Amino acid sequence: ILGYFFIGFYGTGFAWKKKIVIEFLSWAKFIIPSSIITLILMQFDKIILGRILTASELGLYFIAFSVASAAKSFTVEYARGVLQPYLSIVHRESPGQYIEMMYEKKQKITLLIAFSLGVLSGSSFLFFDVLYDDRYLNAGFYLSLLLVTPIMTLVTYPSEVSLILYGQLKATFTANVIRLAWFICGALGSYFWWGQNGLLLTIALVELCPAFYMMYQLKGYRAVKVSSEISYVISAILGFALAHFTIAILGG
């Protein structure tokens, strides 16, 4: 609006089209509540951990969280900024070849990203030993767990893109509801059963149930290869094992 009045439009200006407004509202009824849940999810772990961790432990968690968040941002942008434009073209122009062209494009790079994140998780203590002093070494434990989330987003976020292309606009909202339920029920339950480590594990595995949900939905469209999706997790596990045992052998 400010641009229109103070700078001016060249070409198309404001217009009212009822059909487009209805389409936007149909989309927004899922996106707006989903965004609200996302804001809650972003702070949920910090609110709970802030009550059970000491100030120094919470500081280490935040440092590890910042590194893991950078990894997650990369995987999310890979799905939405790289895969989504390509998959949109494929779905529009070659819908019958969608699944083949999708995995042909993403399989190798996704395996490489997953493997790299696994290596970082397995060498998390070395990461802080090299870049920080001894006071921050225990942040490696938090980073090792928190990197599970971006590894799992290599499954959930591209799947979410596919579901949206197949007209499942509510997929994002449903996945966020599942995440919120996992946090509320799983986090509280795991804390009472396994204490602090159980809570941290629940936070790390927040993408697990949405992954199952999306795989189930995509199976109905025959738009997923479950074995390929599992291979990403296996690749991350191999990366973790390689880094962990290499450091152990070298006496790190």
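Everything numeric in this text was worked out from a predicted model, so none of it was measured. Just so you know, residue 1 is the first one in the sequence shown, and it goes up from there. Because only heavy atoms are used, hydrogens play no part in the values below, and waters and symmetry mates are left out as well, while side chains stay in.
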Donor on one side chain, acceptor on other, Tyr221 and Gln168, under 3.5 Å: yes
Distance-minimising heavy-atom pair for Ala139 and Ala64: O-CB, 3.6 Å
hydrophobic_cluster_shared for Ile99 and Val82, side chain cutoff 4.5 Å: yes
Thr174 side chain vs Ala171 backbone, donor-acceptor pair below 3.5 Å: no
Residue pairs, two or more places apart or on separate chains, that pass ring pair (Phe, Tyr, Trp, His ring centres under 6.0 Å) and touch residues 108-130: Phe128-Tyr132
Least distance between heavy atoms, Pro85 atom then Arg80 atom: CD-O, 3.6 Å
Single-linkage hydrophobic cluster, 4.5 Å side-chain cutoff, Leu60 and Leu201 together: yes
Rounded distance (nearest 0.5 Å) linking atom CG of Leu87 with atom OG of Ser162: 5.5 Å
Salt bridge (Lys or Arg N to Asp or Glu O under 4.0 Å) against Lys170, all qualifying residues, sequence neighbours excluded: none
Student check: side-chain heavy atoms of Tyr78 and Ile109 closer than 4.5 Å: yes
Linked hydrophobic residues, Ile20 as query - side chain contacts closer than 4.5 Å: Phe24
Spacing of Lys105 atom NZ and Tyr86 atom OH [to the nearest 0.5 Å]: 5.0 Å
Short side-chain donor-acceptor distance under 3.5 Å, Glu207 and Thr153: no
Separation of Thr172 OG1 from Met214 CE (nearest 0.5 Å): 6.5 Å
Cluster overlap Leu163 with Tyr216, hydrophobic side-chain contacts below 4.5 Å: no
Heavy-atom pair with the smallest gap, counting every atom of Ile178 and Cys209: CG2-CB, 3.5 Å
Over 12 non-hydrogen atoms of neighbours within 6.0 angstrom of CD in Gln107: yes
Nearest-0.5 Å distance, CG of residue Leu145 to CG of residue Leu205: 8.5 Å
Ser124 side chain to Ser121 backbone, donor-acceptor under 3.5 Å: yes
Qualifying residues under ring-ring contact (aromatic ring centres under 6.0 Å, His included), relative to His91, sequence neighbours excluded: Tyr98, Tyr166
Of all pairs that satisfy salt bridge (Lys or Arg N to Asp or Glu O under 4.0 Å), the ones with a partner from residues 117-136, not counting sequence neighbours: Asp133-Arg135
Transitive ILVMFWY side-chain link Met101 to Tyr103, under 4.5 Å: yes
Non-hydrogen atoms of Ala68 and Leu147 that approach each other most closely: CA-CD2, 4.1 Å
Minimum heavy-atom distance Ala204-Val148, with the two atoms named: O-CG1, 3.6 Å
Atom pair NZ/CG of Lys106 and Leu154 - distance to nearest 0.5 Å: 8.5 Å
Atom pair OH/CG of Tyr213 and Leu218 - distance to nearest 0.5 Å: 9.0 Å
Short side-chain to backbone donor-acceptor contact, Ser235 and Tyr232, under 3.5 Å: no
Co-membership, hydrophobic cluster, residues Leu53 and Leu137, 4.5 Å side-chain: yes
Expected output: side-chain Glu57 to main-chain Thr54 donor-acceptor under 3.5 Å: yes
CZ (Arg92) with more than 12 external heavy atoms under 6.0 Å: yes
Tyr142/Ile63 under side chain to side chain contact (heavy atoms under 4.5 Å, CB included): CA gap, chis, key distance, verdict: CA-CA 9 Å; Tyr142 297 118; Ile63 294 173; over 6 Å; no
Val155 and Met215: CA distance, side-chain angles, deciding distance, side chain to side chain contact (heavy atoms under 4.5 Å, CB included) verdict: CA-CA 9 Å; Val155 175; Met215 293 301 100; 3.8 Å; yes
Verdict with reasoning, Phe65 to Leu143, per side chain to side chain contact (heavy atoms under 4.5 Å, CB included): CA-CA 7 Å; Phe65 180 83; Leu143 179 59; over 6 Å; no
Min side-chain heavy-atom separation Ile113-Phe74 under 4.5 Å: yes
Thr246 (side chain) donor-acceptor with Ala243 (main chain) under 3.5 angstrom: no
Validation row: Phe240, Leu117 side chains within 4.5 angstrom (heavy atoms): no
Donor-acceptor pair, side chain of Trp182 and main chain of Thr202, under 3.5 angstrom: yes
N/O donor-acceptor pair under 3.5 Å between Ser94 side chain and Val90 backbone: no
Partner residues of Tyr157 under the ring-ring contact (aromatic ring centres under 6.0 Å, His included) criterion, sequence neighbours left out: none
Side-chain donor/acceptor of Ser88 to backbone N/O of Gln84, under 3.5 Å: yes
Arg179 vs Ile37, side chain to side chain contact (heavy atoms under 4.5 Å, CB included): CA-CA, chis, key distance, verdict: CA-CA 9 Å; Arg179 292 181 182 105; Ile37 294 175; over 6 Å; no
